[in-house]
Amino acid sequence: MSEPKKVDRRKFIYAGLGAVALIAIGAAAYVAMNPPVVTQTVTTSTTVPTTSVVTTTVPTTTVVTTTVPTTSTPSEKVEITFMDWTLTEIPFKYTAIKMFEESHPNIKIKPIETPYEGYFDKLVTQHVAGSPPDVFALIPEENWKLAEAGVQYPLDDFIRAEGPKFKEQFVKAAWDMGVWKGQVMNLPWRFGCSCFFLNKKVFRDAGVAIPTKLESWEQIRELAIEIKKNSPPEVYGIGFPGSKTDLGTSWFWYAFLFQNGAELIREDGTVGFNTPEGIESLQFLVDLLRKDKVVPPEVTAYGDNEIKDAFGMGRIAMWHNGPWMIIGILSAHPECEIEVRLMPTRKRDGSPAGGTQYAMSPMCKHKNEAWEFIKFMTSYPIISVMAKDGIYVPPRYDVMEDSYFHIPPISVFIEQAKLPGTHVIGNYPEFMVISDYIQTAQQQAYLGQKTVKEALAWAEEQCNKVLAPHYKK
Amino acid sequence: MKPKIKGQNVGYIFISPLIIYLFSLSIYPMIRVLYMSFFSVQPTLHAGEIFIGFENYIKVFNDPLFYISLQNTIIFVAGSVFFHLLLGLFLALLINKLTHNLFKNVCRTIILIPIAITPVAVAWMWKMIYHPAFSFVPLIFNALNLDITWALLAYPETALTAVTITNIWHATPYYMLYWLAALQSISPEIYEASEVDGANMQQRFRYITLPQLKIFFIFFACWDIINTFMYWDLVWVMTRGGPGYSTEILATYIYKQAFQALNFGYASALGSVGFLVMATVSSVLIYMMRERG
């Protein structure tokens, strides 16, 4: 009778460890392909209009009636994946998702919260891998690139089916954020433009009266000089970013570029900033920094976040940016007293604008249902709550009529947004590449490495090279 | 009759997870990048991949920004590696000298704190340390009545040095650990014999410690060069390659080409050339290592 075969204990353990390692790798791969969904139980006492019939007279004298659908025709149950970086920032969105699911019992929304850092890298990678989210948030700076890369699905057919008045509900500048070569690629849910922030305490301590209106560049310069003269050494009259760590550096300059009558990108795809008007606008900022010395001298160390904190701390008296910055300033510096003023004018009014939109993936298997979700999330009741929560300009005229938006500071941003010189920036090809060249040119001018003329000439050459293939006939 | 599994074949089962990992996360991506470098892969201009031969490589060698980023990378790597190894050895010698176990462990733990912090957090922390308005350093200068401008990241002349210092702070503890292990591999009997022969501390260090550590030096240098060459996090968070292009390294330039310009073909060519440069340097060091046995 043969002896039972002995199992070597050591080999058995090693084999077991190998199996465990294989299982762990498989599990990790599975989790990577199916990230856990963060669900939040949100208790909110926000009053949300469940139905809304709003009759609004819009500037084109068209009467628009907006009705939120409260029922949907039941059909096959589908799941729509929804990726956004603001789900934690705006918890109301989870409530909105629940509301949508209640009114559309056949549609389940699977929210995917992804941090903003690396968001678009992840989106592009998912698209290339063939598993993008059905609906996703984006910014106008990424619109062109994502449209050209086929990451977005055009919404024109859906919009046409809604009728001719659908488009007229939206602020034109906000609507234009999603347009690519005449096609509408997404709908706006957040919008805003720049206005000037004035730190009341800094003005008060310097004994300078806060102007009721900013009339001109010369007035800004005089105010900045006066404040600098009457303030401690660490306080400056005006601040602007000069770092490349975010897009604030170029955003700040664009306001003055537009006010001086220049363009960023012309219709023919060539840049419009290397003109006498463009040079003069950047020279104004360089003079504030290097001649008048009313700007923190280490400007290239400041991004938008640093300027925001410096403003909140009372180190800077004036700065311009969008309404989304106000919450950030007040959450870190609740004692900060902010006055908001319309942008000054020169040859015309001008302010950079931006926002956030919702788009659909061409790989979405349930496009009708995805469209219903996008339409819902950009409808009157949802936008009216989100705009109030987040202090931003609603992209819809009917929401703007709400009395909440007639009170400063938001009313100032709305007034600025309606002006013809408010330009959405970012909806151009190669926007991030162009921004890198422009911000490099700005840094060279701020540091005195090149004159403004030389810096902008270099940037023009680089940008035109990059833009040319996109505008070939 | 059941076939017996030979003893040596069982080893392949044990190493299969590592092989799968290496192939899927290292070898296949390298092959794929090399493949893409011969194609135009620009989803914003055209669909699919268009074979263009060596055009991407010709563009690389005619691109002034490639040379700027390569130069910055070499400075960044050289400065980082030099101080990683030197400071790491210095700290390891200090720790190794301590006799009180508890004090030794406490010192080692404190020195190891930087490596417990993620690179992005390190970058943000040092960005604030270098900032003229938010750092404690200008407060110290003011208290000492020193009129020194503290804004290392704001000026092209100092930005790359500042980023390199941050990298040195973050990664030196790794090399302290490596050197400590190397020092502890030297037999204590050699030192005892040298003490009997009357050698002093400097002589022991020069004639015993250093020769024993030479082979480790080459290995650590090779390892550090490879790791630092493609380091991206610190520069991206702290400066994004600015001011101007003073901190633009190859890793950030490749990233911009791939994920901002969506020019995957060109980014692959840049990566391939960078790999070639790194492989050449590493090969020379490995050759030197072999020469010394």
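Quick note: numbers below take in every heavy atom, side chains included, and nothing from hydrogens, waters or symmetry partners. Lettering follows sequence order; numbering is per chain, from 1.
Of the atoms belonging to B:Met238, it is backbone heavy atoms, and not side-chain ones, that fall under 4.5 Å from chain A. Interface remark: A:Ala24 contributes no atoms to any contact with chain B (heavy atom separation under 4.5 Å). When heavy atoms are compared at a cutoff of 4.5 Å, A:Glu148 approaches chain B by way of both its backbone and its side chain. Neither the backbone nor the side chain of A:Ser243 has a heavy atom closer than 4.5 Å to any heavy atom of chain B. Residue A:Ser435: no heavy atom, backbone or side chain, is found under 4.5 Å from chain B. Contacts of B:Val237 with chain A are made by backbone atoms alone, with heavy-atom separations under 4.5 Å and no side-chain atom involved. Heavy-atom distances place both the backbone and the side chain of B:Pro243 under 4.5 Å from chain A. Interface remark: B:Ile20 contributes side-chain atoms only to the contact with chain A (heavy atom separation under 4.5 Å). For A:Gln449, the part lying under 4.5 angstrom from a heavy atom of chain B is the side chain only. Looking at A:Tyr302, the atoms closer than 4.5 Å to chain B (heavy atoms on both sides) sit in the backbone and in the side chain alike. Only the side chain of A:Glu430 comes within contact range of chain B, with at least one heavy atom under 4.5 Å from a heavy atom of that chain.
When all heavy atoms of A:Gln443 and B:Gly242 are compared, the closest pair comes out as OE1-CA, 4.1 Å. Taking each heavy atom of B:Tyr155 and A:Thr300 in turn, the nearest pair found is N-OG1, 4.4 Å. Closest approach of A:Ala149 to B:Leu262, counting heavy atoms only: CB-CD1, 4.0 Å.
Around the CH2 atom of B:Trp223, the shell of radius 6.0 Å holds no more than 12 heavy atoms that belong to other residues, nucleotides or ligands. Within a 6.0 Å radius of NZ in A:Lys201, no more than 12 heavy atoms belonging to other residues, nucleotides or ligands are found. With a 6.0 Å radius and a threshold of 12 heavy atoms from other residues, nucleotides or ligands, B:Tyr28 has its OH atom at or below the threshold. No more than 12 heavy-atom neighbours from other residues, nucleotides or ligands sit within 6.0 angstrom of CZ on B:Phe275. Summarising the local packing, CZ of B:Phe54 is surrounded by 12 or fewer heavy atoms from other residues, nucleotides or ligands at distances under 6.0 Å.
A distance of 7.0 Å separates CZ in B:Phe134 from CZ in A:Arg315, rounded to the nearest 0.5 Å. How far CH2 of B:Trp124 is from CG of A:Asn305: 5.0 Å, rounded to the nearest 0.5 Å.
For chain B, the option among A:Pro429, A:Ala15, A:Ala21 with the highest count of heavy-atom pairs below 4.5 Å is A:Ala15. In terms of non-hydrogen atom pairs under 4.5 Å with chain B, the most contact-rich of A:Val151, A:Asp436, A:Val299, A:Leu146 is A:Asp436. For chain B, the option among A:Met313, A:Gln439, A:Lys145 with the highest count of heavy-atom pairs below 4.5 Å is A:Lys145. When the candidates A:Leu22, A:Val128, A:Val433, A:Asp121 are compared by the number of heavy-atom contacts under 4.5 Å with chain B, A:Asp121 comes out ahead. With chain A as the partner, the residue from B:Pro138, B:Ser16, B:Ala258, B:Pro156 showing the most heavy-atom pairs under 4.5 Å is B:Pro156. Most heavy-atom pairs under 4.5 Å with chain B, from the set A:Glu234, A:His470, A:Glu306: that is A:Glu306.
Here the side chains of B:Phe259 and A:Thr125 are in contact, with some heavy-atom distance below 4.5 Å.
Relative to the six-membered ring of B:Tyr245, A:Lys244 meets both conditions, a distance below 6.0 Å and an angle of at most 45° to the axis.
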